[in-house]
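Quick notes on the structure that follows.
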Amino acid sequence: MVLGLDVSTQSITALVMDPERGSIVDRESVSFGADLPQYQAPHGFIAGGAAGEVHADPRMWLDALDLIFARLGRSFDLSQVTMIAGSGQQHGSVYLDADFEARLASLDPAAGLAAQIAPSLTRRTSPIWMDTSTTAECREIAAAVGGDDELCRRSGSVAVERFTGPQIRRFWKGDGAGYAATRHMHLVSSFIASVLAGRSAPIDFGDAAGMNLLDLAAFEWDPRLVDATAPGLMEKMPPVMPTATVIGVISPYWVERHGCSAACRCAMFTGDNPASWIGMGAGRPGERVISLGTSDTLFAAIDEPRTDPQGFGHVFGNPAGGYLSLLCVRNGSLAREALRDRHELDWQAFDREALDRTRDAAGANLMLPFFGPEITPRGDVGGPILRGSAAFESGGRPDLEVRALLEGQFLNMRLHAQWMGPAAERILLTGGASANDGIAGIVADVFQAPVERLETGDSAALGAALLAAAAAGHDLGGLQAKCCRRDVGPRIEPDRSLAPVYDDALVRFRRLLEETRDMPGKTAGQSAAG
Ligand code: ADP
Ligand code: XUL
């Protein structure tokens, strides 16, 4: 048996897989908000951060790790697991001192992880991918290496606020002593892998590319980028390795506290998006994965590290080889939830039946679907901007707003994915909101491509389990063919008669975006009359 763990923004998911049969034999999850209310992070992060800061408490991830193993152990004999791999929300960073490895090696199984590892944290809380506080640091790093174009050419992305390099620089500037005491710089993925393996783990290609520190062509840390980020950083960086490399056997803590086998091995962890790519079994030409989680992401495989000329998209390492292009929209599920709550709706208002009732209004009303700061496109547009017919403006009809929000979200994605190449021929949809047929239907219509979904919505955890199996010697492609079944539920076909409607809406959406970005100071609920 192999175990895949996904440590996401709002939860941890664990899947136990029997790789011989290609079947999932157990599943558990821990929700940070609901299961660990003591951290006061209902969505997995600490609310109310100043100046764009969004942090999470790494002790919460550790408590969740103990809890998910305890839960798994109730329904499943954990001694049967021979390999563990995993994924983590990307970009988030954990800062640890020189005692970190000694602490990991001597964990007392009678006490939990959080209290024992916390004394090694040199930064009490971890900036996560939602953080937008590092604009100044982005500018400084880009300037030091000859500009954003050069940074993008080397690393696959321009300097990006949520990326780890700018976050490290901000820490160095704000807390020199804390930075100096830091011996190990980890991502969420490599931090959790370290805790399992009992030693500081390497960082994988997939996640390393989200740091503004990796030389994408060589798959090694780029000394120029590392030096431009903070002094002495290279000595703090773990090595970079291919995904699915085995790190070693699990540490005795897991054997004694949770009943794992002393022979169980740990493989490297990767980012949640690269893991999702594997878990969706994607890779055929023309395929795009869209993941509707806390963030909405769109990704596709590319052979060459081609970059986004506008600087919004990214290139990451593909765990299956080659590269992945990725687009991340911050206003994903949280924007859908904001509109739902504003009008006191439930998810049924986003379902097929409800959306069919507003079909006549397809593409008619535009909404810039940004309820908070956005990263694709970047900028604080300060609340959703509506533009549409008089009825839409004055009526405040929730059903029209739901359609406009979803259309706006997917027009925004379609617009910013154009650099990736020819239009999508097939979309594989995953993430929490993918279960919603109405949302899936709007994706198909806006992209004018059929949408397929998998049996499991847990594509990142499934990808992690598949990577664990690959690390144990199983053939990844063969396992994907067995496990990533798409014949579940009907494939959702686009309404082809709407092709010109959404082509036209795309042009108007781009114009609205450009006009709005020229008008600073928009506030929530403001409308731009059309
Ligand atoms: P993450 O991996 O980022 O923690 P998930 O992929 O688990 O996120 O997705 C969680 C989100 O899915 C929730 O925040 C919720 O808004 C959304 N969601 C769950 N069920 C539905 C539904 N039926 N319709 C729309 N959105 C949903
Ligand atoms: C990707 C990104 C998010 C996080 C959280 O660049 O920032 O998708 O990985 O899921």
Side-chain angles (χ1 to χ4, degrees), residues 5-13 29-34 41-45 54 56 61 64 87-93 127-132 156-157 160-164 167 187-189 206-207 209-212 269-277 279 289-299 312-316 324-341 345-352 354-355 374-376 402 405-406 409 429-443 453 456-464:
L5 285 172
D6 174 46
V7 184
S8 257
T9 314
Q10 304 197 50
S11 59
I12 298 194
T13 307
S29 72
V30 167
S31 155
F32 301 134
H43 291 290
F45 54 84
V54 183
W61 298 325
S87 60
Q89 52 171 302
Q90 298 199 252
H91 319 298
S93 42
I128 66 158
W129 65 274
M130 299 172 82
D131 191 293
T132 53
S157 302
V160 181
E161 276 83 351
R162 71 187 188 285
F163 275 35
T164 323
Q167 295 292 344
L187 293 176
V188 178
S189 58
D207 227 6
M211 302 177 81
N212 280 145
F269 277 39
T270 187
D272 56 355
N273 292 298
S276 252
W277 177 258
V289 167
I290 294 183
S291 170
L292 305 176
T294 309
S295 61
D296 285 352
T297 55
L298 179 150
F299 36 106
F312 300 129
H314 314 293
V315 183
F316 297 153
L324 276 183
S325 54
L326 178 132
L327 197 76
C328 176
V329 180
R330 190 176 187 274
N331 281 272
S333 279
L334 297 184
R336 290 183 286 273
E337 286 176 20
L339 188 71
R340 180 197 64 184
D341 297 344
L345 305 169
D346 55 25
W347 286 133
Q348 274 175 353
F350 291 66
D351 229 323
R352 186 136 234 187
L355 283 158
E374 186 42 66
I375 49 190
T376 306
V402 167
L405 168 72
L406 295 173
Q409 289 188 313
L429 199 62
T430 182
S434 67
N436 189 307
D437 287 344
I439 296 177
I442 301 274
V443 172
R453 287 174 285 179
T456 170
D458 302 318
S459 57
L462 178 58

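Remember, it's a predicted structure, so these values are computed and weren't measured experimentally. We're numbering straight along the sequence, starting at 1. These numbers come from the heavy atoms of this one structure, side chains and all, not from hydrogens, waters or symmetry mates. Atoms within a ligand are numbered from 1 in the order they appear, just like the ligands themselves.
Close N/O approach between Asn273 and ligand 2 is found [any backbone or side-chain N/O within under 3.5 Å]. Looking at Trp129 next to ligand 2, no N or O pair under 3.5 Å apart turns up.
Looking at Asp207 and Ser189, their side chains do bring a donor and an acceptor atom within 3.5 Å of each other. Trp129 and Thr9 share a side-chain donor-acceptor pair at under 3.5 Å. Residues Arg162 and Gln167 bring no donor and acceptor atom of their side chains to less than 3.5 Å of each other. Checking Asp6 against Ser87 by side-chain atom types alone, a donor-acceptor pair falls below 3.5 Å.
Residues His43 and Phe32 are not in side-chain contact: their nearest non-hydrogen atoms beyond the backbone lie 4.5 Å or more apart. Looking at heavy atoms from C-beta onward, Leu292 lies in side-chain contact with Leu429 at the 4.5 angstrom threshold. Annotation: side chain of Gln409 is not in contact with side chain of Val329 (no heavy-atom distance under 4.5 Å).
Each of the following atoms of ligand 2 lies closer than 4.0 Å to a heavy atom of His91: 1 (C), 2 (C), 6 (O), 7 (O). Of all atoms in ligand 2, numbered sequentially from 1 with element shown, those under 4.0 Å from a heavy atom of Leu326 are 1 (C), 6 (O). Residue Cys328 has at least one heavy-atom neighbour below 4.0 Å for each of these atoms of ligand 2: 1 (C), 2 (C), 3 (C), 6 (O), 7 (O), 8 (O). Atoms of ligand 2 lying under 4.0 Å from any heavy atom of Thr297, numbered from 1 in the order shown and given with element: 8 (O). Close approach of ligand 2 to Asp272 is summarised as follows: ligand atoms under 4.0 Å from at least one heavy atom of the residue are 4 (C), 5 (C), 9 (O), 10 (O).
For ligand 1, the protein residues within 4.0 angstrom (heavy atoms only) are Ser8, Thr9, Gln10, Gly293, Thr294, Ser333, Glu337, Trp347, Gly431, Gly432, Ala433, Asn436, Ile439.
In this structure, of Gln90, Gln10, Met130, Arg162, the residue bringing a heavy atom nearest to atom 7 (O) of ligand 2 is Arg162.
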| query | Between Leu326 and Leu298, does a side-chain contact (heavy atoms from CB on, under 4.5 Å) hold up when you go through it step by step? | reply | CA-CA 6 Å; Leu326 178 132; Leu298 179 150; over 6 Å; no
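Between Phe163 and His314, the distance from one ring center to the other falls under 6.0 angstrom.
The aromatic rings of Trp347 and Phe350 stand perpendicular to each other, their planes meeting at an angle above 60°, with 30° marking the opposite boundary.
For the pair Ser295 and ligand 2, a heavy-atom separation below 4.0 Å is found.
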